[in-house]
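As the structure is a computational prediction, the values presented were derived from the model and not from experiment. First the proteins, then the strands, lettered A, B, ... as listed; each starts at 1.
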Amino acid sequence: MAKQFKRTLITTALPYANGPVHIGHLAGVYVPADIYARYLRLKGEEVLMIGGSDEHGVPITIKARNEGITPQEVVDRYHTIIKRSFEEFGISFDIYSRTTSAIHHKTASGFFKTLYDKGEFITKTSEQYYDEEAKQFLADRYITGKCPHCGNERAYGDQCESCGTSLSPLDLIQPHSTISGSIPVMKETTHWYLPLDKHEAWLRKWILEEHKEWKPNVYGQCKSWLDMGLQPRAVSRDLDWGVPVPLDDAKGKVLYVWFDAPIGYISNTIELLPDTWETWWKDPETKLVHFIGKDNIVFHCIVFPSMLKAEGSYILPENVPANEFLNLEGDKISTSRNWAVWLHEYLEEFPGKQDVLRYVLTANAPETKDNDFTWKDFQARNNNELVAIFGNFVNRALVLTQKYFDGKVPAQGIFNDYDQQTIAEFVAVKVEMERLLDNYRFRDALKEAMNLARIGNKYLADMEPWKLAKTDMERVSTIMNLSLQITANLAIAFEPFLPFTAEKLRDMIGLNLWEWNALGSFALLPEGHVLGEPALLFEKIEDDVVERQVQKLLDTRKANEAAAYKAPPVKEKVAFEDFMKMDIRVGTVLDCQRVPKADKLLQFRIADGLEERTILSGIAQYYPDPKALIGMQVCFMANFEPKKLRGIMSEGMILSAEDADGKLVIIQPSAKVTNGVEVK
RNA sequence: GGCGAUUUAGCUCAGCUGGUUAGAGCGCAUGAUUCAUAAUCAUGAGGUCCGGGGUUCAAGUCCCCGAGUCGCUACCA
């Protein structure tokens, strides 16, 4: 814990280049990482902040296919938007690159080769779907078919977007390839796996014993994984978009994104510092810190460290300050549902207000639990805190100086006890801010910075220079000098959080010196120094502005609801004989109960006119009271291949209609019929 | 279902290894003040610390049972 480091390497989760960046990304990763980087730089420490776009993986290829463009064009588009909006927002990356770069391909495949040569991988052969027409294995997302759960015809091999359940390609009914449309066949394929189980022992010691200071959620989740026992993880996939596996017998195989992406941190460092990058990744005196969201904990605490350890020459992260999630107006942020505040849109609609958003996201950061971003809160924090406390104090100090001293820093004179006490408070706040920042508690650190402005306001209120001006200009001189020194201190204290404002303030008062250690000094502005024209640091945000934003969101929600359901296109024509192959019948529910230890499954006992049969159906969440279904007549597929689920043999499928919102409703005959009759 | 985290004033959050009347910011109320973007400063009112048991001289803080929320994971014919 008390370990001293010479330099700090900060990595930020690589945003996936299939969409722009939104406030959730910012609050969770980039704003805190940027605060940390700026703070350390201000202290004069050696720091590197690495970022980049994650540009491989199946969803990007699908997006490309849907839009009729190449994957490269997709990632070019979003990489450009993301990179530009980060820059404009003041995220101070030393480099923001991408995983499609040549350097990354070289680095990642080299990394793989090293592990391969060291014998760190095992291979496993399994059967996967293969498209004979396109002559390639099909990634989960390349297979569509009917969702066994909700009947959606366009479910993907990994997930049904209609009902949200995750699937395996083998689950799909009537699977077909999205590439050629042909029906895929099962074929053997071999992949390399990283045997995480082999790394369990040292991981246990390293995390559970040596990093007890990690955040509770991070530590707890790692412990949970380690206690469950680690499994080998495939590092390659059959796909043509990505970093090719650098082996002769690996045609058509690329590195799995999870293996590929974190190496991007390394590649981007190499791109930036081709000669000295190893100092940053291999010297034990470098402190490596990963900023991520909570969904990424296991990758960064267990998987990536295992990769680094297997390679052998790399250091391990010192901390992984994962944040929780940010919600928006009470709802989960969602790219696909377009429920988000997009950074590039914010920058356009609120020009010059980068710091307002940075402030709100930090003051309300999801550091310990999920938080909610609301426009009302955005407005309140701007008007009541930035304008009223920080902006107002600076304005008071500058306007008073203008009025009484012609805009020149007046003589300091002699500090009295109250002055000294005020100065002492500043020094105390500085110490506290350091403690908080060093422990990744940015929300509280920002609060302390605001306290400095509060101290300033109180100082002016207590000293009342506007009254003394009538009797004791010498004292007023000291008061205003001190107030200006406070202002200069604010420019330093706020730099990590509100860099644009800090710069504006520095320019305004002509402060050249700015380093963290100057914080707490009251000799930052010399007597006689001429100040610039006072300008407002922040402006009020009126009701109609935030109302418009809320309206925009509501419109989005409405549009989403309207667009939520599109009747799927009619499927391929089938012959009557094919239809007749399906044996759909009516039966009566004799019994119905939940399957233990399964969230979604209901177990039906059906009177089918012959004997009885058991059918499982994944509709438990829509029928909270299974007993109520007893006695009801249902339609079911009678000649399905029986299948064991959760240890119970299911002999058929209950037919349900899936509503627009994904809700399943059981189909039943409109009048009572005899059990076992056919439906046609 | 399993595992992890979380649940404290209207809102957002602090409360380390259990110890006098549970804290902060915002909002609210009252007062003071006018240099300032009606901003500021002071004072105050707000809490069966998710619910139920238990350990202890003493529990928001430890143990057990349960509920809500989020994440990971299993299941989805």
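Spacing between B:G44 and B:A5 at atom C1', rounded to whole Å, works out to 37 Å. Going from the P atom of B:G10 to that of B:G4 covers 31 Å, rounded to whole Å. As rounded to the nearest Å, B:U69 and B:A58 have P atoms that lie 35 Å from one another. Straight-line distance between the P atoms of B:U6 and B:U61: roughly 14 Å, to the nearest whole Å. Comparing the same atom, P, in B:A45 and in B:U7 gives a spacing of 26 Å after rounding to whole Å.
Between A:Arg443 and B:A14 there is a side-chain polar atom (N or O) within less than 4.0 angstrom of OP1 or OP2. The shortest distance between the side-chain N/O atoms of A:Lys447 and the OP1/OP2 oxygens of B:C26 is not below 4.0 Å. Look at A:Lys540 and you won't find any side-chain N or O under 4.0 angstrom from OP1 or OP2 of B:A38.
B:G46 has its base syn relative to the sugar, with a glycosidic angle deviating from 0 by at most 90°.
Residue A:Leu400 is classed as a base contact, given a heavy-atom separation below 4.0 Å to a base.
Between A:His290 and A:Phe304, the angle of the ring planes lies from 30° to 60°, which puts this pair in the tilted group.
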Check: Please, what dot-bracket string fits RNA chain B when only Watson-Crick and G-U pairs with both distances under 3.5 Å count, crossing ones use [ ] and pairs to another strand use |?
Finding: (((((((..((((.....[...)))).(((((.......))))).....(((((..]....))))))))))))....

